[in-house]
Amino acid sequence: TLFFEFAEKMTRRVPVKPNITYDFANQMMLKGDIRLEPDSVGISGPGPVVDTIDVVPTTKHSFDELNKTVQVSVRLKRTHHQVEFTRERVRLTIPVEQYTEGELQKQLVVENVPDSLVVRTFPQSVTITYLVGLSRYEQVIPELFKARVDYGDVEDGDQKLPVYIDQAPDYLKSYSYAPREVEYIIEKQE
């Protein structure tokens with residue numbers, strides 16, 4: 001006796017996911033998103049198999065000490081022997097650029113202060129030090145940050161309020177700020 005399993009052939013489009021590791025040379029960082037072209041491929045095969053595939057990975061690649069943008073053709077990894085792809089390779093781009101350090105002053109905002117009071121902080125601003133790609137250095141302005149202290153943090157006997165940075169550009173490599181706490185005085189509103 002011979003048994004044959006039949007299934008309808010199915011076709012659908014699924015995203016491609018890069019299977020890569022990378023690190024950068026000194027003073028280098030990622031400039032934007034890693035891109036795949038195309039970012040999805042058509043797959044076809046038996047319906048029950050195709051239904052289980054949500055993403056097609058690339059073959060594993062490792063990039064060390066990146067100091068410039070990389071563009072390479074990478075092969076797609078076969079996930080099942082009965083599934084065919086509309087293409088075998090995609091173009092991978094890892095955009096890389098040099099970064100630099102910047103510094104700016106940001107005025108502190110005091111939140112949740114009752115109408116009858118005024119809270120003054122010392123100092124009244126914080127210094128934010130950041131690392132950013134050269135292509136975006138001129139775009140970093142104080143208005144892109146939100147620095148605050150909260151009146152709700154006032155406690156008897158404590159002479160300092162913690163500083164919070166609630167907003168910063170997402171394209172910064174990193175940032176830090178000082179001081180982390182500020183002294184304050186509370187006055188009655190005139």
Side-chain angles (χ1 to χ4, degrees), residues 1-104 106 128-147 164-177 180:
T1 306
L2 292 174
F3 295 96
F4 294 97
E5 286 187 31
F6 292 97
E8 270 190 54
K9 187 172 184 178
M10 179 180 176
T11 301
R12 64 186 267 239
R13 199 150 189 84
V14 295
V16 177
K17 183 179 179 184
N19 184 9
I20 60 172
T21 58
Y22 57 89
D23 61 34
F24 298 102
N26 285 341
Q27 293 290 120
M28 304 305 281
M29 66 180 275
L30 200 58
K31 178 187 178 182
D33 296 327
I34 294 172
R35 296 185 306 275
L36 289 169
E37 294 173 32
D39 62 359
S40 61
V41 293
I43 61 172
S44 60
V49 175
V50 170
D51 270 345
T52 64
I53 300 172
D54 294 324
V55 69
V56 173
T58 65
T59 53
K60 179 108 173 109
H61 289 276
S62 184
F63 302 93
D64 298 322
E65 295 292 311
L66 290 175
N67 60 9
K68 63 182 179 183
T69 296
V70 171
Q71 287 189 327
V72 293
S73 176
V74 292
R75 186 173 292 283
L76 297 176
K77 185 176 181 183
R78 284 261 167 227
T79 50
H80 194 280
H81 69 280
Q82 291 178 306
V83 175
E84 297 173 358
F85 301 147
T86 53
R87 63 186 308 137
E88 297 297 317
R89 302 179 85 79
V90 293
R91 185 147 200 78
L92 169 72
T93 304
I94 305 174
V96 176
E97 74 173 329
Q98 190 173 1
Y99 66 81
T100 188
E101 184 176 272
E103 185 178 283
L104 56 80
K106 179 63 182 176
I128 300 174
T129 305
Y130 56 88
L131 299 176
V132 65
L134 288 175
S135 66
R136 296 212 168 173
Y137 181 77
E138 296 296 327
Q139 297 173 11
V140 182
I141 56 174
E143 290 75 19
L144 298 176
F145 294 86
K146 181 179 179 188
Y164 303 98
I165 302 291
D166 291 337
Q167 185 178 309
D170 59 358
Y171 52 80
L172 296 181
K173 179 173 173 58
S174 64
Y175 69 88
S176 62
Y177 60 95
R180 295 282 184 164

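Bear in mind the structure is a predicted one, so any value in this text is a computation, not a measurement. Note: hydrogens, waters and symmetry copies are ignored here, and every other heavy atom, side chains too, is used.
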Chemist: Look at the aromatic rings of F63 and H61 and report parallel, tilted or perpendicular, splitting at 30° and 60°.
Modeler: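 Correct class here is parallel.
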Chemist: Would you say the side chain of I94 lies within less than 4.5 Å of the side chain of I20, judging by non-hydrogen atoms?
Modeler: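 Contact flag for I20/I94 side chains = yes.
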Chemist: Distance from K77 atom NZ to T79 atom OG1, nearest 0.5 Å?
Modeler: 9.0 Å
Chemist: Would you name the heavy atoms of D54 and P15 that are closest together and state the gap between them?
Modeler: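 Heavy-atom minimum between the residues: O-CD, 3.3 Å.
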Chemist: Between V70 and T93, is the side-chain contact (heavy atoms from CB on, under 4.5 Å) condition met? List the steps.
Modeler: CA-CA 6 Å; V70 171; T93 304; over 6 Å; no
Chemist: About how many Å separate CG of N67 and CD of E65, when rounded to the nearest 0.5 Å?
Modeler: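 Going from the CD atom of E65 to the CG atom of N67 covers 8.5 Å.
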Chemist: Could you walk me through whether I43 and I53 pass side-chain contact (heavy atoms from CB on, under 4.5 Å), step by step?
Modeler: CA-CA 9 Å; I43 61 172; I53 300 172; 3.9 Å; yes
Chemist: Just so I know, are the side chains of L36 and R91 near enough to count as touching, which here means a heavy-atom distance under 4.5 Å?
Modeler: no
Chemist: Quick one: does V132's side chain get under 4.5 Å of Y99's, heavy atoms only?
Modeler: no
Chemist: Counting N and O atoms only, with roles assigned by atom type, does the side chain of R75 sit under 3.5 Å from a partner on the main chain of T58, one being a donor and the other an acceptor?
Modeler: no
Chemist: Pairing donors with acceptors under 3.5 angstrom, does anything connect the side chains of R89 and S73?
Modeler: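 Side chains of R89 and S73: pair found under 3.5 Å.
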Chemist: Determine the minimum heavy-atom distance between V55 and K17, stating which atoms define it.
Modeler: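 Here V55 and K17 meet closest at CG2-CB, 3.5 Å.
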Chemist: With under 30° as parallel and over 60° as perpendicular, where do the rings of Y130 and F145 fit, or are they tilted in between?
Modeler: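 Y130 vs F145 ring planes: tilted.
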Chemist: Which pair of non-hydrogen atoms, one from M10 and one from D51, has the smallest distance, and what is that distance?
Modeler: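 Scanning both residues, the minimum pair turns out to be CE-OD1, 3.1 Å.
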Chemist: Calculate, to the nearest 0.5 Å, the distance between atoms OG1 and NE2 belonging to T52 and H80 respectively.
Modeler: 7.5 Å
Chemist: Okay, side chain of E88, backbone of L76: is any donor-acceptor separation there less than 3.5 Å?
Modeler: no
Chemist: Sort out for me which residue in D23, N19, T21 forms a side-chain hydrogen bond (donor to acceptor under 3.5 Å, both in side chains) with S62.
Modeler: T21
Chemist: Filter on side chain to side chain donor-acceptor pair (under 3.5 Å), then keep only pairs touching residues 31-50, sequence neighbours left out; what's left?
Modeler: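 Checked against side chain to side chain donor-acceptor pair (under 3.5 Å) - neighbours excluded - the pairs reaching residues 31-50 are R13-S40.
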Chemist: Between R12 and V50, does the side-chain contact (heavy atoms from CB on, under 4.5 Å) criterion hold? Intermediate values first, please.
Modeler: CA-CA 8 Å; R12 64 186 267 239; V50 170; 3.6 Å; yes
Chemist: With a distance cut-off below 6.0 Å to the six-membered ring centre and an angular limit of 45° from the axis, does R78 pair with F85 as a cation-pi contact?
Modeler: yes
Chemist: Count the heavy atoms belonging to other residues, nucleotides or ligands that lie under 6.0 Å from CG of N26, then report whether that count exceeds 12.
Modeler: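 Open: at most 12 neighbouring heavy atoms sit under 6.0 Å from CG of N26.
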Chemist: Compare all side-chain heavy atoms of L104 with those of V140 and state whether any distance is below 4.5 angstrom.
Modeler: yes
Chemist: What is the minimum heavy-atom distance between T69 and V96, and which atoms define it?
Modeler: OG1-N, 3.1 Å
Chemist: Is it the case that more than 12 heavy atoms not belonging to K60 sit under 6.0 Å from its NZ atom?
Modeler: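 Atom NZ in K60 is crowded, with more than 12 foreign heavy atoms closer than 6.0 Å.
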Chemist: Write down the atom of V90, the atom of P38, and the distance for their closest heavy-atom approach.
Modeler: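 Of all heavy-atom pairs spanning V90 and P38, the closest is CG1-O, 3.7 Å.
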Chemist: Looking only at heavy atoms, what is the nearest atom pair of V41 and R87, with distance?
Modeler: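 Minimum heavy-atom contact is CG1-CG, 3.7 Å.
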Chemist: Please check this pair: side chain of T129 against backbone of E103, looking for a donor-acceptor N/O pair closer than 3.5 Å.
Modeler: no
Chemist: Rounded to the nearest 0.5 Å, what's the gap from OH on Y171 to CE on M29? Could you check?
Modeler: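 Here the rounded value is 10.5 Å.
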Chemist: Considering residues, nucleotides and ligands other than E138, do more than 12 of their heavy atoms fall under 6.0 Å from its CD?
Modeler: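 No, not enclosed.
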Chemist: Are the side chain of K106 and the backbone N or O of P142 linked by a donor-acceptor pair below 3.5 Å?
Modeler: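 Looks like yes, one N/O pair under 3.5 Å.
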Chemist: Can you tell me if Y22 has over 12 outside heavy atoms packed within less than 6.0 Å of its OH?
Modeler: no
